[in-house]
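Position 1 is the first residue of the sequence, and the numbers go up from there.
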Amino acid sequence: MSNQTPGQHQNKNQNQNQTPNKNQNQNPSKNQNNNQNQNNNQNPNHNPNQHQNRNQNQNSYPPKDEDFNLKETNPTLGGGRVTANDRRGTAFDLVEQMHYFYVRVVKAKELPLKKDGNGNGNPHPFVEVQLGNLKGLTLNFEDRSSPEWNQVFIVLKDRIQSRILEVCLKDKSRIGDTDDGLIGRVSFEINEVPKRVPPDSPLAPQWYWLENRKGEKVKGELMLAVWVGTQADEAFQEALHLDATAVNGDGVANIKSKVYLSPRLWYLRVNVIEAQELQLGNNNRQQPEIYVRITLGHVILRTKISLSKNVCPSWNEDLMFVVAEPFEDQLVLSVEDKVAPNKDEFLGKCVIPLQDVEKRVDFTTPISKWYSLEKDVKSEDGKNKVSKLNSKVHLRLSFDGGYHVLDELTHYSSDLKATSKELWKPSIGVLELGILNAQGLSPMKNRDGRGITDPYCVAKYGQKWIRTRTILNSFNPKWNEQYTWEVFDPCTVITIGVFDNCHLQGADKNGKAMDSKIGKVRIRLSTLETDRVYTHSYPLIVLTPAGVKKMGEIQLAVRFSCSSLFNMLAMYSQPLLPTMHYLHPLTYYQIDNLRHQATQIVATRLGRAEPPLRREVVEYMLDVGSNMWSIRRSKANYVRIAGILTGLIAFCKWFNGICTWKNPFATVLVHIIFFQFVCFPRIILSSMFVVVFLIGTWNYRMRPRKPPHMDIKLSQAERVPWDELDEEFDTFPTSRNNDVVRMRYDRLRSIGSRMQAVAGDLANQGERFYNLLSWRDPRATALFLIFCLVASVVLYVTPFKVVVTLMGFYTMRHPRFREKLPSVPLSFFRRLPAKTDSLL
């Protein structure tokens, strides 16, 4: 078992998921009931019945349907310039063109020496780019007369409120004087700045003479390049936005767009075979209970107690771990003896580096090795030293590259490839995503007494994660960033999430703030037509302790291009996961535990990137903790099952109407068709396929034209009782008082009793069917066998068409020939015994 169980991990994530809602409710303009609900959820002594009536009234008015619908939009993609024969700007043809003002500060030369008490010296130069009330600073160099910065500053052209651009070269060591350390400056008229349209050649920087505030030339030159371009410019990714004046230090990197790669994950299989010559602490111990504990990073697993209770125990047990490249951790194996219920005796350990572990793509038996055990002992001077023992342990270690390491839920998976690249197949297409803008976002935190939001987007598909730049203080941000992924399987899902950046200057004073979730969107590639651009505005929906809430809308442009239609169609005939998952399947417990390990590794690795992708963001994108018990999800699954059975129920009702002669014309027509099928049985199957073909062709007119999106009706989030929401957002284990837990336990028992009764009825029917021939009821079995013997003789002498005709006409007989009592076969079947008599 891991030293951090999945339940504990889910508890932590539940608490993390509550934090964004708490930040959200800090806005004084929000309903105070939401704040009260959040405080009640954090109070373990809270009794939900105190406010149940109030919250039921609040939930009695569900949100309007139109607010949660998917809306088709018509943005001007690619600036309206991209055509079939125009390849310019195709890298940004799924976003709207945005014009930016670019300033590249390259270097300076021949700067004047400064005068100080020790004589003349080189200045400490830096450059200040000022455009109205927008300002940006370059790096500061100490004691240098010819500094090189090569930094780019940009600002959205629509946000420019000044006619003059000033680029000031200053000396940091002179700041505080009357001239504020100014060495010289260069001014530009905004209207005279040239425009550059990618993929034109980059604009060459030029040397400019420096001037003082009076317009007189001073010593020194500054190399600059100033132009107006779009987000397709190659300098856009590394540029610093001038409107990010409230951010400095680490926050500058935290607002830039970034591309991340998930670590390459492997399943490590440790086959513990046996041990030899173990040295027990008590030599008189006759039947030691020996087991092996294996530690890898923060994960601890152990074998069962050996059945051979001696100093040469054997196990032959597999333990599975998730390891990420590069293999930096070491495998620590310890052999222990359980001498008492709460006391284990340490018998020895060995440390195994992972660099030399064998990699395999199939289930061939890896080479087994004997590893010597060692033990820490105290020397005469009181220091610990390692002492090698004669004891050994026999192991087989292997990295199983034939599996796909699951870090997502299977039905939301974006990657299904095996770990080993040897098993990868060529890509079948390309997925392009344009993140355009968001509208009507809710304020997520307070700053300077008002609610604000600093939104950014994260998209995940396969091993590639992307993060857009953070738009500061905007409820209607415009990103217009485009990204591309290779597609290896069409039956995969891309996830896009919107978050509020809580790690900017002044927002994370204690360093403990978490980025708040605003909502996410999932798009399954198999639901998209190839080479079609989908432009829709998706609602951002989250479920809070106060109920379902729309946090805004995000506008996306999606295109799935197929490189080979044959290869894509061939994928539908292949297994969803690599073949190792079917030839040597993992248990449900292993899959759940390994997925927990994988998500922790991915969250840790991405959290160490620069800028970091926060743990709460990764866990929300990977749906960590989504398998927790919820009455709402159970109701949603029930509705889904009922929807599946709707067609079967409708057919049964229609056939019952035929048998009861509700519509004599339709009944007579069915009799005629049935008689034709009996006379010409060869047309039965062909007719069925023709009917299916016609139905499918008819439904083509009503095919879905929009991708699927979050549906609050299907999710049963429209009218969720307050107590059910409180239970769903409760921690694991629960933090509520005994009365609340007792009430919920009784409710769960009530629901479970109904499920138990349904499962029992299904079991009874199956057992009665098997008991037809088991002689559990000798008389019933004898009657059934006599019936089978008579039926065989009758069917032998009677033509098959006659038998089928009589059975069909008897089934569809007129109601006046029917009895209200159950039929003889049904009465006989219900009298058969089941195993209920053996239950306690």
Side-chain angles (χ1 to χ4, degrees), residues 1-17 262-272 291-305 315-325 327-334 336 352 354 357 360 363 395-416 418-419 576-578 580-607 615 618-630 731-733:
M1 293 293 293
S2 171
N3 60 344
Q4 183 181 12
T5 63
Q8 294 172 343
H9 171 70
Q10 291 163 354
N11 177 14
K12 176 181 66 177
N13 290 306
Q14 290 286 355
N15 294 332
Q16 288 178 352
N17 290 339
S262 296
R264 190 178 176 192
L265 303 178
W266 292 77
Y267 281 153
L268 172 63
R269 186 185 298 270
V270 182
N271 180 228
V272 185
Y291 65 91
V292 175
R293 184 192 303 270
I294 301 179
T295 304
L296 182 61
H298 299 287
V299 181
I300 301 175
L301 299 178
R302 51 168 290 180
T303 66
K304 299 177 182 178
I305 295 176
W315 297 275
N316 196 23
E317 184 176 345
D318 285 345
L319 300 179
M320 300 284 289
F321 297 87
V322 177
V323 185
E325 290 185 349
F327 306 129
E328 301 172 347
D329 296 331
Q330 291 182 328
L331 194 71
V332 181
L333 181 145
S334 62
E336 301 181 14
I352 305 173
L354 299 180
V357 175
R360 59 177 184 171
F363 219 68
L395 304 174
R396 287 193 185 96
L397 303 178
S398 64
F399 284 118
D400 291 352
Y403 292 95
H404 168 68
V405 180
L406 295 168
D407 59 348
E408 306 167 291
L409 294 177
T410 307
H411 43 278
Y412 295 146
S413 183
S414 62
D415 184 16
L416 301 170
T419 300
L576 188 65
L577 293 171
M580 286 287 286
H581 286 271
Y582 305 97
L583 299 179
H584 303 278
L586 303 174
T587 64
Y588 177 81
Y589 172 78
Q590 284 179 317
I591 293 175
D592 187 62
N593 190 29
L594 292 173
R595 179 173 176 262
H596 171 66
Q597 294 183 36
T599 54
Q600 293 304 298
I601 291 175
V602 172
T604 302
R605 287 290 183 91
L606 296 182
R615 175 176 292 272
V618 176
E619 292 179 347
Y620 180 64
M621 296 290 289
L622 296 178
D623 294 287
V624 174
S626 60
N627 57 346
M628 291 287 292
W629 159 257
S630 169
T731 57
F732 185 87

A.B. asks: So L395 and V272, side-chain contact (heavy atoms from CB on, under 4.5 Å) or not? Walk me through it.
C.D. replies: CA-CA 5 Å; L395 304 174; V272 185; 4.0 Å; yes
A.B. asks: So does Y588 have more than 12 non-hydrogen atoms from other groups sitting under 6.0 Å from OH?
C.D. replies: no
A.B. asks: What distance do T587 atom OG1 and M320 atom CE have between them, rounded to the nearest 0.5 Å?
C.D. replies: 9.0 Å
A.B. asks: What is the minimum heavy-atom distance between Y291 and K304, and which atoms define it?
C.D. replies: CB-O, 3.8 Å
A.B. asks: If you measure from CG on D592 to CD on Q597, what distance do you get to the nearest 0.5 Å?
C.D. replies: 10.5 Å
A.B. asks: Between A598 and D407, which heavy-atom pair has the shortest distance, and what is it?
C.D. replies: CB-CB, 3.9 Å
A.B. asks: Looking at every heavy atom in both V602 and V618, which two are closest together, and how far apart are they?
C.D. replies: CG1-CG1, 4.0 Å
A.B. asks: Would you compute the distance between atom CE of M580 and atom CG of L586 and round it to the nearest 0.5 angstrom?
C.D. replies: 8.5 Å
A.B. asks: Once rounded to the nearest 0.5 Å, what's the spacing between atom CG of L576 and atom CG of L416?
C.D. replies: 5.0 Å
A.B. asks: Heavy-atom distance under 4.5 Å between the side chains of N593 and L301, does that happen here?
C.D. replies: yes
A.B. asks: Kindly indicate whether the side chain of I294, heavy atoms from C-beta on, has any atom under 4.5 Å from the side chain of F321.
C.D. replies: yes
A.B. asks: Name the residue from R595, R615, H298, R605 that meets the side chain to side chain donor-acceptor pair (under 3.5 Å) definition with Q600.
C.D. replies: R615
A.B. asks: Can you name the nearest heavy-atom pair linking H596 to T599, along with the distance?
C.D. replies: O-OG1, 2.8 Å
A.B. asks: Less than 4.5 Å apart, side chain to side chain, heavy atoms only: is that true for I591 and T410?
C.D. replies: no
A.B. asks: Side chains of L268 and V322: closer than 4.5 Å at any heavy-atom pair?
C.D. replies: no
A.B. asks: Do you know the tightest heavy-atom contact between H404 and S413?
C.D. replies: NE2-OG, 4.3 Å
A.B. asks: What's the separation between atom CG in L622 and atom OG in S414, rounded to the nearest 0.5 Å?
C.D. replies: 8.5 Å
A.B. asks: Going by heavy atoms in the side chains, are R264 and T419 under 4.5 Å from each other?
C.D. replies: yes
A.B. asks: Step by step, work out the side-chain contact (heavy atoms from CB on, under 4.5 Å) result for F363 and L583.
C.D. replies: CA-CA 9 Å; F363 219 68; L583 299 179; over 6 Å; no
A.B. asks: Looking only at heavy atoms, which two atoms of L406 and Y267 are closest? And how far apart?
C.D. replies: N-OH, 3.4 Å
A.B. asks: Quick one, L296 and L354 - any side-chain contact, counting heavy atoms below 4.5 Å?
C.D. replies: yes
A.B. asks: Any side-chain heavy atom of W266 sitting closer than 4.5 Å to one from E325?
C.D. replies: yes
A.B. asks: Donor-acceptor pair, E317 side chain versus T303 backbone, under 3.5 Å?
C.D. replies: no
A.B. asks: Throw together a table of side-chain donor-acceptor distances under 3.5 angstrom for residues 396-403, partners on residues two or more places apart or in other chains.
C.D. replies:
| unit_1 | atom_1 | unit_2 | atom_2 | d |
| --- | --- | --- | --- | --- |
| R396 | NH1 | N271 | OD1 | 3.1 |
| S398 | OG | R360 | NE | 3.3 |
| S398 | OG | D400 | OD1 | 3.1 |
| D400 | OD1 | R360 | NE | 2.7 |
| D400 | OD1 | R360 | NH2 | 3.2 |
| D400 | OD2 | R269 | NE | 2.7 |
| D400 | OD2 | R269 | NH2 | 3.2 |
| D400 | OD2 | R360 | NH2 | 3.4 |
| Y403 | OH | R269 | NH2 | 3.3 |
| Y403 | OH | H584 | O | 2.7 |

